[in-house]
Amino acid sequence: MTAEPGGPQDRLRRFATIWSRAVHQVTATSLTRVEFEEQLLPLAGRLSEALLARTFDAEVGRAVGAALVSAHCTDPESLSRSLDCVDAYLVLYCGQDGPQEDLRARSARLQHAMAAGYAAALRDRTLAEQEAIAWAAQSARSAVAEALHDSEARFRAVFEGAAIGIGIADLDGNILQINGALQRMFGGSEQTVRGRRVTDWTHPDDAPQVWRLYEELVRGEREHYHVEKAFYRPDGTVLWTNLTVSLLRDADGRAQYQLALMEDTTERRLLNLRLRYEATHDALTGLPNRTLFFERLEKAVSAGEGQRFGLCYLDLDGFKTINDSLGHAAGDRLLVEVADRLQSCATAPGEMVARLGGDEFVALTTGPDTEREVDELASRIMNAMVAPVSVDGRELTVRGSIGIVEGPAGERGPAEVLRSADITMYRAKSAGGNRFELADPEADLRAITRHGLTTALPAALDRGEFFIEYQPLVHLGDGSVRGAEALVRWLHPQHGVLGPDRFIPLAEHTGLIVPLGRWVLEESVRQARAWREQYGGHPAGGPLRMNVNLSPCQLTHPGLVQDTVDILERAGLEPEALCLEVTESALIGADDDLLKPLRRLAEMGVDIALDDFGTGYSNLANLRRLPVSILKLDRSFTQGMQQFPADPVDLKIVEGIVSLAHSLNLTVTVEGVETGAQAEQLRILGCDTAQGWYYARPGPPERLHDLVLADATG
């Protein structure tokens, strides 16, 4: 069955074709190019599956690399061309429908795994050859000692024809023989190499155990060892090798010579370094990426006693606006310029700058005196951002918010440090941006608690952790109870009872305020119905009114009116018994579309109260077009009446508001009444109803029973 043109199988076949054309000419195989393509096709399929898999599996890349060795692609050029092909074409042909940046990052990791698998398989194959050569060399040396000419001939054939470098030295380290492969690896004449002693081949990158293992071998304490070792060539360049050294003994078991087998791994090492660089550096800016930064941060926070670290977490202010208005290409050029400026700010020893992603950057400084250095680093960064950035002929102003974390090493882990810096950065952004803030453990704790409450909100509603307390509304003329305001509370399993100021903003931010508000309305209306059956109404006639708060999110919800109608009908409660409170700030500048649901509710008979009146700086003339029947005067206007004599300015303001409200046929309710003198003054000024601790604190619905009975018997 043929693949559909342009389909996944067709694109996979094209990728395999390109791969086979790139590699076939440097592969020691008797297969034709078409036959070789069929051999690569399943490997291409495995790479495609790994690229698109939900979870990345590096083992697939390693297996493909090992399969290349099994397919006789042992020339180093085969691996280089394979990786170039995967880098250029795998995402293009096999990842067209995915997020390109993520797929390219995964492609780079697959290349790294392929190189690792290739190297491991080639090393295993080389070691097998080395064992055979070592056996042949031992046999040959024994044959020399026994003057067996045929064994000498076999040894010479293996020695000279081997593809890996071979050298023989005595136990004093004098090099006696080398083969052509070893001579070519060092790039000098045979005499140049043979004139050296083994102990002359030191290199600054030698691992500590290299020469210890050598001494043990020449003393006869070990038979062989295997290490990775660098050598200087005669021209000063560096040769990296996989080195295996074995001890050769005579027929009586006495140590006589040492045999060195060398595999040139220089190109493979350079390739690994390149892949490592690509895996740990940001492709756009060239800065270290999140992976490398975490490695450095982990070392910094776990350094020895007396060491400290300082971290600046930077987020650009308004970067999304630039991306949305000028396009992502302009945003990328801006990020490159910002990266260059940041890099110029962190040039001292122990300092580094990295890009975490998007428009988030970090700068790290380490040493014994980072308390001063991190502040200076943050100041340099802020100063570097002052000059505008020119992008496509436009001068763009760049600003940023920085969160700073500084402290001694050994107290916190890297994840905790970065979280604290992130929280502090958002605190700087919330304070207006273009500034830096120092981390505050208490502020971190509040932010973490706030996040915990946000994530716990949905389950809390399902588990019934919310309850309602009711604060009575009292008529200032006769002191009778006219109703109550419903105030929701959260009985949190760890934090205890939380007031609405702790979770209502979080519910509004997450959208949970709509189902939570619907639940509060249902419970409050059900309670109002129970009060009507229990008490009938207030002494002046009419039902006890239930006041329920509406958030701005609920006002814009399309189901507000129908939900309210359904809840009232199910409870069997008349609309006149319900009052919905809306904050003044939510209605400032409101258009007809926003006011339409409130007008429909008002036409049904539901009272609409304008809450916190006087705090929103609204135009008083707007009151005429708002469908409200009640003004709830904010407590800030009446606090001056708690002392004697009352503040005359507050008296004049309240008197004017009451006069205006009554002229518009609005009733006035006052919040926060705490003293008898305050209540009496508000009565004299003409306010209609009030609520506050002077009458009763919010409490369970049963508490209203005593107040209503007091009215009935008074």
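All residue numbers in this chain count up from 1 along the given sequence.
Here the closest non-hydrogen pair linking Leu287 and Ala339 is CD1-CB, 3.6 Å. Shortest non-hydrogen contact noted between Ala346 and Val353 is CB-CG2, 3.5 Å. Here the closest non-hydrogen pair linking Gln39 and Ala71 is NE2-CB, 3.8 Å. The shortest heavy-atom contact between Leu516 and Ala507 is CD2-CB, 4.3 Å. Pairing each heavy atom of Cys94 with each of Leu52, the nearest pair is O-CD1, 3.4 Å. When all heavy atoms of Phe503 and Leu457 are compared, the closest pair comes out as O-CD1, 4.2 Å.
For the atom pair CG (Leu31) and NE2 (His24), the distance works out to 6.5 Å, reported to the nearest 0.5 Å. Of the inter-residue distances, the one linking Asn289 atom CG with Thr280 atom OG1 reads 6.0 Å to the nearest 0.5 angstrom. Separation of atoms CG (Leu292) and CZ (Arg355) is listed at 15.0 Å; rounding is to 0.5 Å. Taking SG of Cys345 as the reference point, atom CZ of Arg380 lies at 6.5 Å (rounded to 0.5 Å). To the nearest 0.5 angstrom, Phe436 atom CZ is 5.5 Å from Asp375 atom CG. Once rounded to the nearest 0.5 Å, the distance linking OG of Ser48 with CG of Leu12 reads 5.5 Å.
Under the 3.5 Å distance criterion, the side-chain polar atoms of Arg399 are left unmatched by any main-chain donor or acceptor of Arg435. A side-chain donor-acceptor contact under 3.5 Å links Arg427 to the backbone of Leu438. Of the possible donor and acceptor atoms, none in the side chain of Asp392 sits under 3.5 Å from a partner among the backbone N and O of Arg394. With hydrogens and angles ignored, the 3.5 Å screen pairs a side-chain donor or acceptor of Arg106 with a backbone N or O of Ala53. One N or O on the side chain of Ser325 and one on the backbone of Thr321 form a donor-acceptor pair closer than 3.5 Å. Judged by distance alone, the side chain of Asp87 and the main-chain N or O of Leu83 form no donor-acceptor pair under 3.5 Å. Ser344 places a side-chain N or O within 3.5 Å of a backbone atom of Arg341 that can act as its donor or acceptor partner. The backbone N or O of Trp240 sits less than 3.5 Å from a side-chain atom of Thr265, completing a donor-acceptor pair. Remark: the backbone N or O of Val26 is paired with a side-chain donor or acceptor of Ser78 at under 3.5 angstrom. Thr370 contributes no side-chain N or O that, together with a main-chain N or O of Thr366, makes up a donor-acceptor pair within less than 3.5 Å.
Ring pair Trp19/Tyr93: centre-to-centre distance not below 6.0 Å.
Using a 4.0 Å cut-off between charged side-chain N and carboxylate O, Glu38 and Arg13 make a salt bridge. The pair Glu49-Arg46 fails the salt-bridge criterion, with no side-chain N (NZ, NE, NH1 or NH2) lying under 4.0 Å from an Asp/Glu carboxylate O. Using a 4.0 Å cut-off between charged side-chain N and carboxylate O, Arg274 and Glu278 make a salt bridge. Using a 4.0 Å cut-off between charged side-chain N and carboxylate O, Asp264 and Arg184 make no salt bridge. Of the charged side-chain nitrogens involved, at least one lies within less than 4.0 Å of a carboxylate oxygen, so that Asp206 and Lys229 count as a salt-bridged pair. A salt bridge is absent between Arg290 and Asp282: the closest approach of a Lys/Arg side-chain nitrogen to an acidic carboxylate oxygen does not fall below 4.0 angstrom. A salt bridge is absent between Glu228 and Arg268; no separation between the charged side-chain nitrogens and carboxylate oxygens falls under 4.0 Å.
At a threshold of 4.5 Å between non-hydrogen side-chain atoms, the residues Leu103 and Ser107 do not count as touching. Side-chain contact check for Glu376 versus Thr365: every heavy-atom pair is 4.5 Å or farther apart. Side-chain atoms of Arg81 and Gln25, non-hydrogen and from C-beta on, do get closer than 4.5 Å to each other. Side-chain atoms of Met352 and Pro288, non-hydrogen and from C-beta on, do get closer than 4.5 Å to each other. Between Pro414 and Phe309, the closest side-chain pair of non-hydrogen atoms is not below 4.5 Å. With a 4.5 Å cut-off on side-chain heavy atoms, Pro388 and Leu396 do not count as touching. Within the 4.5 Å cutoff, the side chain of Leu182 has no heavy atoms near those of the Ile166 side chain. Looking only at side-chain heavy atoms (C-beta outward), Val405 and Tyr313 stay at 4.5 Å or farther from each other.
Residue Glu305 qualifies as open at atom CD: its count of foreign heavy atoms under 6.0 Å is 12 or below. The local environment of CD in Glu416 is crowded, with over 12 non-hydrogen atoms from other residues, nucleotides or ligands closer than 6.0 Å. Atom CZ of Arg33 has more than 12 heavy atoms from other residues, nucleotides or ligands within 6.0 Å. Counted within 6.0 Å of NE2 on His203, heavy atoms from surrounding residues, nucleotides or ligands total more than 12; the atom is thus considered enclosed. Other residues, nucleotides and ligands contribute over 12 non-hydrogen atoms within 6.0 Å of the NE2 atom of His281. No more than 12 heavy atoms of other residues, nucleotides or ligands sit less than 6.0 Å from atom CZ of Arg109. Enclosure of atom CD in Glu267 is not indicated, since only 12 or fewer non-hydrogen atoms of other residues, nucleotides or ligands lie within 6.0 angstrom. Taking a 6.0 Å sphere around NE2 of His226, one finds it holds more than 12 heavy atoms contributed by other residues, nucleotides or ligands.
A donor-acceptor pair shorter than 3.5 Å can be found between the side chains of Asp317 and Ser401. In summary, the side chains of Glu437 and Thr424 do not present any donor paired with an acceptor at a separation below 3.5 Å, with no hydrogens or angles considered.
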Quick one, Thr266 with Val238, criterion side-chain contact (heavy atoms from CB on, under 4.5 Å). Give me CA distance, side-chain angles, the key distance, then yes/no. CA-CA 8 Å; Thr266 305; Val238 177; over 6 Å; no

Worked verdict on Tyr225 versus Arg212 for side-chain contact (heavy atoms from CB on, under 4.5 Å): CA-CA 11 Å; Tyr225 65 89; Arg212 175 179 57 81; over 6 Å; no

Begin with the C-alpha distance, continue with both residues' side-chain angles, and end with the deciding distance and a verdict on side-chain contact (heavy atoms from CB on, under 4.5 Å) for Leu43 and Leu40. CA-CA 5 Å; Leu43 302 184; Leu40 291 183; 4.0 Å; yes

Evaluate the side-chain contact (heavy atoms from CB on, under 4.5 Å) criterion for residues Phe15 and Leu92: first the C-alpha distance (whole Å), next the side-chain angles of each, then the deciding distance (0.1 Å), finally the verdict. CA-CA 9 Å; Phe15 172 66; Leu92 179 64; over 6 Å; no

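Leu334 pairs in a side-chain contact (heavy atoms from CB on, under 4.5 Å) with only one of the listed residues (Val398, Leu326, Asn323), which is Val398.
In this structure, Trp201 and Phe231 have perpendicular ring planes: the angle between them is above 60°, well past the 30° mark.
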